[in-house]
There are 4 protein chains.
Amino acid sequence: MTVRVGVIGTGMIGQDHIRRITHVVSGGAVTAVTDVDAARAQSAAAALTGVTVHPSGRDLIADPGVDAVLVTSWAQTHAEHVLTAIDAGKPVFCEKPLATTHADGEAIMKAEVAAGRRLVQVGFMRRYDAGYRAMKAAVDDGAIGTPLLMHCAHRNASVPPYGFTTESIISDSAIHEIDLVRWLFGEEIVSAAILKPRRSSKGSDSLHDPLIVLLETASGILVDVEVFVNATYGYDIRGEVVGEHGTVALGDHGGAVVSSIGRRSWPVPEDWRERFGRAFDAEFQDWLSALAAGAPRGPSSWDGVAATAVAEACLAALRTGERTAVALPDRPEFYGPHP
Amino acid sequence: MTVRVGVIGTGMIGQDHIRRITHVVSGGAVTAVTDVDAARAQSAAAALTGVTVHPSGRDLIADPGVDAVLVTSWAQTHAEHVLTAIDAGKPVFCEKPLATTHADGEAIMKAEVAAGRRLVQVGFMRRYDAGYRAMKAAVDDGAIGTPLLMHCAHRNASVPPYGFTTESIISDSAIHEIDLVRWLFGEEIVSAAILKPRRSSKGSDSLHDPLIVLLETASGILVDVEVFVNATYGYDIRGEVVGEHGTVALGDHGGAVVSSIGRRSWPVPEDWRERFGRAFDAEFQDWLSALAAGAPRGPSSWDGVAATAVAEACLAALRTGERTAVALPDRPEFYGPHP
Amino acid sequence: MTVRVGVIGTGMIGQDHIRRITHVVSGGAVTAVTDVDAARAQSAAAALTGVTVHPSGRDLIADPGVDAVLVTSWAQTHAEHVLTAIDAGKPVFCEKPLATTHADGEAIMKAEVAAGRRLVQVGFMRRYDAGYRAMKAAVDDGAIGTPLLMHCAHRNASVPPYGFTTESIISDSAIHEIDLVRWLFGEEIVSAAILKPRRSSKGSDSLHDPLIVLLETASGILVDVEVFVNATYGYDIRGEVVGEHGTVALGDHGGAVVSSIGRRSWPVPEDWRERFGRAFDAEFQDWLSALAAGAPRGPSSWDGVAATAVAEACLAALRTGERTAVALPDRPEFYGPHP
Amino acid sequence: MTVRVGVIGTGMIGQDHIRRITHVVSGGAVTAVTDVDAARAQSAAAALTGVTVHPSGRDLIADPGVDAVLVTSWAQTHAEHVLTAIDAGKPVFCEKPLATTHADGEAIMKAEVAAGRRLVQVGFMRRYDAGYRAMKAAVDDGAIGTPLLMHCAHRNASVPPYGFTTESIISDSAIHEIDLVRWLFGEEIVSAAILKPRRSSKGSDSLHDPLIVLLETASGILVDVEVFVNATYGYDIRGEVVGEHGTVALGDHGGAVVSSIGRRSWPVPEDWRERFGRAFDAEFQDWLSALAAGAPRGPSSWDGVAATAVAEACLAALRTGERTAVALPDRPEFYGPHP
């Protein structure tokens, strides 16, 4: 069975996922696109065959030739498209964030619960990374004992000089570790704090980069996340969980090791596409295979809502300088016992 | 465009590739199968939808619902199926070996040249491994200078106690390094020799395991390959090219690094499926994408014939204890200037 | 020239240094010992030749056959012996802590300044570790740009169940990172805070282990130190400095890499003796060579006093839960411009 | 007890060992020197105190202020000095080679046997390297099962353009692996062969560099040694022993790991002084400590003679292109059962 996917938003990410569904993974085909920039939608469609260009997300979702919806539009429009898809009873994959307000997040959960079945999947691709999966396996199988704390580093070579604010360090970057921590330990994050190391001179003047984000889980696991978005030298993602009798760390990806002029070295990825390309592939393969089997099984609406609540606590902590409790909404039983 | 693939031979490898085409990569669908064991063919078909079961390879190849043929049957039958596919003008992917006799190899090349276009691809998947591709990039871009020699190790945890002979160490295992060396350096192998280290007691009594295979290329690059098929501890593939001013080595795959009870460690793969699974995926994705674009671009009939000729020199060296020149057939211009 | 060393305190550390001076490094000889446990002093002397056993530190220091004094006695007695040695105009090496009260620390500095020449060296051996020296070289030569933050982990396999308190995690363990940070960045630490991750069940009930110690330097470099004294799996010391355009991390010590039963691994040291044995050797070689050349050049009285002041800020932060400013005494010009 | 050492030959190596005995290790003092270049001997003595300059090795050995002799003179004179020292009943440490002719080697063993006690130690410092010792421990304790084969690489950044011949690759470089293999496996090498990879253009025209040296031990362990003396990029020593159920490899020395401009890297040593400096220190510490306890326990005259015999087989194999049996002299029982 081929899942016919309609794509709302044909910017860079949308185009990358269209390529992925068309040329990389199995079981899906893009049959409809739309974008606020109609020319961009036309251009995305022109590269494929048999793709309808729609004037709006609403029209695309209503298209009987669309089995499932992919939302890669501007963040402020995510909730509206997701709600429309739920109303139409169609599965919808939404890139982060699921919603930008509490009201929207709760509305999505309410609608999905009312629909009585999982329809929404949120785009937290790290859960599909082989390294993190091996790490979770080591945590789950007791190889390191009860987890006590975790160290993370999230470094981008650079971010655009305009538009990327200190807040974006939380909402665009640290959001990935926020979801990861919930998933890795199977419990919620209850508080957040922010530390400000010496500022790098590399970014824009208004940017405080790097930051240390501190997250505490319900059982007391303390996670420190260095987020450094103008690290210059590459895209470098690290993590180590420390347990009662051992630790597990992400391995280095490696690639080929070159010995030359006095040094032995291997490459650090250039960007997230290089580092997480295979995770994105696995994420979409899983989504399409799960749809073929009935319903999505990846990160849920609850995961999207919870991650946003933690990010908001981080933003409050950034403003106040204080450790801030996470204000989680009530969790619908529908979403089961674990993050 | 979906390439409709007919599969000849539904044993373990055939089934794995059926899964790959159906559930992992994009652009292909299995529409027909056949096997000497009809029940096994039926069972493979039953797991899918819309698949015709044929009584013979000949019938399958003739099926108008088959665009391209995958040969994963018993080695002795490969040449016959490949020749039939060429006659039918259909692209054919053949697992190694392409042929088991000189006559068959030459017949295949002759038929393909007569057809006037590339139809055949041989299953040397290591060319699609990310580690080897990074190694080749380092060799090609001059990062290590003119290559002078190469060290390889090819270790299997174990092989079946019956049926796997000392000759199989060459034809089933070292054959991969043989192709790799030709591809990596873009030149032919001109001689081979075999050294016998102390014998492991782990395999059957008639097996001399491990062996050291020595290969020399046209420009004098010397390659030593340790092949150890009952290495017990895991499936471990290593390689380092030494050039005039540097070296490049396969990185360790890594995965998660665990610190526990006095040691820091990471996993060695269990078997070739784990180590080269992604290379197989990339190989089939490339084959299907290339077919959609017109013709295969992976390892050619010539590559299959040349690898077999080198393996035969190795087998002669194993029998005689002497360094043996490779007897390459004439290379049709059709196959271009490089291996 | 052989430096004749008198050793005050012949417990475990004292005996190890006696062995080092006698059998490992060049240029020194132990000629006198004393200990509150006279039998222990006798026993230490009996293993050597030509060693006088003194009834007290005061007598030992007065011995004309003693050129330099090594203080490895109980912490509460350090200051008294150091002051006596200064009065006698004899160089003195004092294991940490230099003093346990502000008054004592200031008295030592005052006495040394009055003496008009460096006499005191404090036992911060990490400054002599090859890994840390390579790290400092990378920081100093600009390889990573301006340093912004640092991550450290300090893990012991275990500590004794009695006598080692949560406060000891600061004063006995983190004290090493405190000195290291001052030395590495050439600036003082201005504030400290403590975070409490989930508690390990491995230690005594009254122990809160692990802790995260946060240190901020004068220029704003933020250092997080995980101190975990019952980490079980080994003695594991890590560090990574993050700069504006790169990072430098301690390498893994390595030793031999074993591939066995599905894993590739190398040893984590058992304890600090294994990990820092060569650093201790280098420290004593440097001390003896420097004395032969005139005066010690290792960590000074000021370094001892400043480290204690930071440790006190950490202990206050542990009690109050608040970020605490370090109350540094005035720095005598005598000790130069840098930590 | 301080061992008073007389040094014959104050060239680069001699001076380095004088520094080591004087400033690095414990228990020795240089009290006499001599050199064919009298001015050089004077200059070496002038840097120390209480050192007698002798006109000849014979005079130095006769000096009652000399307890033990260190021979670091020109290779052709080694045997003469060693024999004189044995005659004088004084322990003698001789840098490789112990002798340059069979007759000399046998004469030394005969004299030592006649003396009835170990007097001679040969300078194979790799036996004192921490990495190799960890490797030997893994071999000896069964961690990898019965050893079957070994891979080595011995790379120098460069050698002088004049004076270093293809034969020197054997006698000056591979000689270290020859001794190492005998020691590591506790058995003799029975045959040798040489393979010639493509020649590097970096060295002199008459040099065939790199070579592959193949060594076979009595039990059939096969060792391949890449010796590459103009490898350009650094001094790189590797080794991996492959056993029946695992392997053990030299770790990478590590030092600090720098992440910068797209790569993660660590240093390769510049030369053997950097790589094996600590092994030399440990070698001399062991020699001096052993002498203080009675007699040397490091590599013996037999080890020197046996290594030379293997090197000669290698040189014959280089000339003839044939695998060559090692012609070992009879082993005196005096030297015990193992290499």
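The shown structure was predicted, so the numbers you read here are calculated from the model rather than taken from an experiment. Naming convention: chains lettered A, B, ... in sequence-line order (proteins, then strands); numbering from 1 in each chain.
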Residues, nucleotides or ligands: over 12 heavy atoms within 6.0 Å of B:E274 CD: yes
Residues 15-25 of chain B: residues contacting chain A (heavy atom under 4.5 Å, by number): B:I21, B:T22, B:H23, B:V24, B:V25
Could you please state which residues from residues 239-248 of chain A sit under 4.5 angstrom from chain B, measuring non-hydrogen atom to non-hydrogen atom, sorted by number, or 'none'? A:H245, A:G246, A:T247, A:V248
When every non-hydrogen atom of B:A143 is compared with those of A:S260, the smallest separation belongs to O-OG, 4.0 Å
